[in-house]
Amino acid sequence: MTAPNPAFFTALARLGDDRLVLGHRTSEWCGHAPILEEDIALANIALDLIGQANLLLQHAGAVEGAGRDQDALAFLRDAMDFRNVLLCELPRGDFAVTITRHFLHGLFSVLQWEALSRSTDDTLAGIAAKALKESKYHVRHAGEWVIRLGDGTDESRRRAQDALNLLWPYTGELFMQPADEAGLVAAGLTADVSQLEPAWRAQADGVLQRATLTPPATTWMQRGGRDGRHTEHLGHMLAEMQIVARSHPGAQW
Amino acid sequence: MSDAGERSWPLWEVFGQEGDGEAHQHMGSVHACDAEQALQFARDVYARRNEAISLWVVPSAAITASTPEDMGPFFDPANDKAYRHPQFYKVPKGVKVF
Amino acid sequence: MTGTVAEDPARLAEFEARIAADQSIEPKDWMPERYRSQLVRMMSQHAHSEVVGMLPEGNWITRAPSLRRKMILLAKVQDEGGHGLYIYCGTETLGVDRHDLVQQLLDGKAKYSSIFNYPTLSWADIGAIGWLVDGAAIVNQTMLAKASYGPYARAMVRICKEENFHKRQGYEIMATLSRGTPAQKAMAQESLNRWWWPSLMMFGPHDKDSSNSDELMKWGVKRKSNDELRQRFINLTIAQVKAIDLTVPDPDLRYDEASGDWITGPIDWDEFWRVVKGNGPCNGERIAARRKAHAEGEWVREAATAFAEKQQRDNRATTDTQQTAGATDE
């Protein structure tokens with residue numbers, strides 16, 4: 001049994017909530033994708049992400065030591081208690097938004113998992129090592145699509161550039177290192193995300209260039225999710241996600 | 001609806017190797033616009049349950065196959081060549097291991 | 001085009017002898033035109049059913065009440081998409097394009113299993129569908145895995161293997177609800193009440209009213225009749241209903257000692273034909289959802305095609321340049 005550790009709990013919730021919320025958004029595509037093969041591909045990505053969230057929130061519950069399991073954390077917390085970045089909760093949008101978001105967040109995830117696979121917390125290191133392989137595939141899948149959409153037709157290029165313009169101001173939050181994790185980073189439990197930005201930017205630029213897409217000039221970055229201040233979208237998403245679980249308090253499923 | 005898109009996505013045949021040392025076997029097919037996408041779709045469609053450790057994709061149009069009419073001339077002549085098989089040959093009784 | 005074609009009697013006799021000998025018919029083999037068209041009809045309906053079948057269950061992915069249930073349901077609905085894909089590919093071996101089959105579905109010209117024109121109204125419906133609808137489908141598909149057409153049979157073998165978990169997860173949901181809170185148990189019973197009769201209808205009309213059955217059985221595509229399969233399903237399911245303390249909505253249900261069969265009351269075939277002919281609760285919505293996804297995906301499919309064409313042009317240009325360069329070197 002791990003000793004309760006509130007700061008580490010919050011850090012794990014940040015990791016888990018990113019994947020839960022993005023996985024949920026991705027699952028909204030099931031049955032509605034542009035082609036049957038891609039429907040199956042998107043479901044695989046959603047399953048990977050929800051699977052990661054399942055492990056991370058389970059670990060978070062254990063670290064918190066308050067008797068909450070992963071389902072209590074996923075289905076019984078209010079929006080204010082979620083710690084995902086705003087990028088993950090934006091509506092799924094068109095296929096360009098979905099793919100571009102997977103690319104931008106996936107690239108970040110690969111770097112984050114690489115760092116976290118060296119965590120001094122064995123459970124987290126194990127989850128990170130497993131998730132790293134999944135995220136590498138997500139980046140390959142999304143990256144190839146970004147190139148095809150960007151360098152496809154006039155319409156697809158416009159949509160891909162619109163998606164990039166929409167999402168770009170939400171990427172800064174990925175690299176804002178929360179002040180309350182300083183002790184965890186020092187102890188080697190979690191990684192300092194601010195260190196990951198140069199590598200992320202270099203890799204993103206490489207693919208975007210091949211896709212003939214350009215990040216917008218804007219430097220203003222949206223933030224708030226890591227501290228529980230969200231967009232209006234998350235509340236609606238959770239209302240749907242949590243309705244059955246919350247309508248039957250204490251029930252088993 | 002014009003739908004030039006999907007119609008021109010060619011069909012690819014998918015071959016997968018189930019385990020180390022095994023031969024690649026036909027698993028099914030996917031529609032994809034190019035080889036990289038065909039490979040990814042093959043992975044997502046046919047390897048969801050650990051069915052493969054390696055995948056090949058081949059444009060269906062690139063496969064040349066024998067026809068049912070070929071069956072006689074192609075394969076029947078091999079029927080009467082028993083001397084190609086080890087059972088055709090006698091080994092003296094005393095020899096246990098050959 | 002079909003039915004009226006006079007087939008070469010010698011080839012037809014040879015073909016029917018192969019069927020009688022339980023040989024597998026492969027894409028390049030000669031086959032009667034009517035065999036081909038019946039297969040295309042049946043396989044494409046089957047594929048459409050898998051794809052449209054994603055919608056009623058997909059309706060609850062975003063509301064599944066636990067992470068475990070969410071992952072199971074997503075994996076299950078994903079499988080249905082995969083199964084549609086396998087069967088479409090099998091149909092393409094008969095010389096039809098998947099695109100044309102999909103277009104027929106979108107145009108409202110193709111049939112698919114009527115069960116998917118019923119709405120999913122509670123979480124328990126996810127249990128009932130997995131247990132009853134997939135359960136009925138497995139009874140049917142186990143038979144089709146022995147179908148005379150090789151690509152269809154092979155797709156079915158793969159599908160049956162994958163569907164094993166579908167029925168189990170559905171039954172597990174129902175069992176959990178039934179032993180849960182009173183509200184959960186009521187949810188399970190209400191759902192069983194709605195899905196019981198439509199799932200019996202899934203096997204199609206009674207043998208005496210089934211127009212395609214004789215031909216499909218003669219050619220070994222179907223190996224058992226609608227009524228035989230339905231009876232098998234009923235016998236299997238009644239025991240499962242009792243085991244989780246629920247009841248089927250049929251006051252006439254009785255056990256027949258002589259045959260060992262459970263005999264149900266009359267099936268409402270008016271309802272069946274009403275839904276088949278397009279007036280089920282969700283016929284319009286299901287096709288509208290498929291149309292919307294297809295229309296919204298159009299630009300994506302076009303983009304991928306345009307990119308692939310550009311790459312091919314670039315590759316050719318590179319090869320040409322290299323060849324020219326090589327020639328100059330010499």
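All chains are named by letter (A, B, ...) in the order of the sequence lines, taking the proteins before the strands, and each is independently numbered beginning at 1.
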side-chain hydrogen bond (donor to acceptor under 3.5 Å, both in side chains) partners for C:Thr93, two or more places apart: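 For C:Thr93 the side-chain hydrogen bond (donor to acceptor under 3.5 Å, both in side chains) partners, ignoring immediate neighbours, are C:Tyr149.
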By a 4.5 Å heavy-atom criterion (distance strictly below it), what part of [X] contacts chain C: side chain, backbone, both, or neither?
| X | result |
| --- | --- |
| A:Ala160 | neither |
| A:Ala74 | side chain |
| A:Phe95 | both |
| A:Ile243 | side chain |

Gap between atom CD1 of A:Ile40 and atom CG of C:Leu85 - 0.5 Å precision: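 The CG atom of C:Leu85 sits 5.0 Å away from the CD1 atom of A:Ile40.
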Smallest separation among heavy atoms of A:Cys30 and C:Met54, with atom names: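 That closest heavy-atom pairing would be SG-CE, 4.2 Å.
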Side-chain touch C:Leu67/A:Leu20, heavy atoms, less than 4.5 angstrom: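 They are in side-chain contact.
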If you count heavy-atom pairs within less than 4.5 Å of chain C, which of A:Leu47, A:Leu149, A:Ile50, A:Val244 leads?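 The residue among A:Leu47, A:Leu149, A:Ile50, A:Val244 with the greatest pair count is A:Leu47.
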If I measure from the heavy atoms of chain A, does C:Met174 come under 4.5 Å with its side chain, its backbone, both, or neither?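 Interface part for C:Met174: neither.
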Given that the side chain runs from C-beta out, which part of C:Ala308 has a heavy atom under 4.5 Å from chain A: side chain, backbone, both or neither?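 Neither part.
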Extract the chain C to chain A donor-acceptor pairs under 3.5 Å, no hydrogen or angle test applied.
from     : atom 1 : to       : atom 2 : distance (Å)
C:Thr62  : OG1    : A:Glu240 : OE2    : 2.4
C:Leu67  : N      : A:Asp71  : OD1    : 2.8
C:Arg69  : NE     : A:Trp253 : O      : 2.6
C:Arg69  : NH2    : A:Trp253 : O      : 3.2
C:Lys70  : NZ     : A:His24  : ND1    : 3.0
C:Gln78  : NE2    : A:Ile40  : O      : 2.8
C:Gln78  : NE2    : A:Asn44  : OD1    : 2.7
C:Arg98  : NH1    : A:Glu37  : OE2    : 3.0
C:Arg98  : NH2    : A:Glu37  : OE1    : 2.8
C:Gln184 : NE2    : A:Gln252 : O      : 2.8
C:Arg290 : NH1    : A:Gly31  : O      : 2.7
C:Arg301 : NH1    : A:Pro34  : O      : 2.7
C:Lys310 : NZ     : A:Asp151 : O      : 2.9
C:Lys310 : NZ     : A:Asp151 : OD1    : 3.0
C:Lys310 : NZ     : A:Gly152 : O      : 3.1

Look at C:Ala303, C:Gly58, C:Pro65, C:Ala293 and state which one has the largest set of heavy-atom pairs under 4.5 Å with chain A.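 Going by pairs under 4.5 Å, I would pick C:Pro65.
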Looking at C:Leu74, C:Val52, C:Ile61, which one has more heavy-atom pairs under 4.5 Å with chain A than the rest?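 That would be C:Leu74.
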According to side-chain contact (heavy atoms from CB on, under 4.5 Å), who are the partners of C:Gln45, at least two apart in sequence or on a separate chain?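 Expected list: C:Arg41, C:Lys111.
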Check side-chain contact (heavy atoms from CB on, under 4.5 Å) between A:Val207 and all other residues, then give those that pass, not counting sequence neighbours.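 A:Val207: side-chain contact (heavy atoms from CB on, under 4.5 Å) contacts with A:Phe103, A:Val146, A:Ile147.
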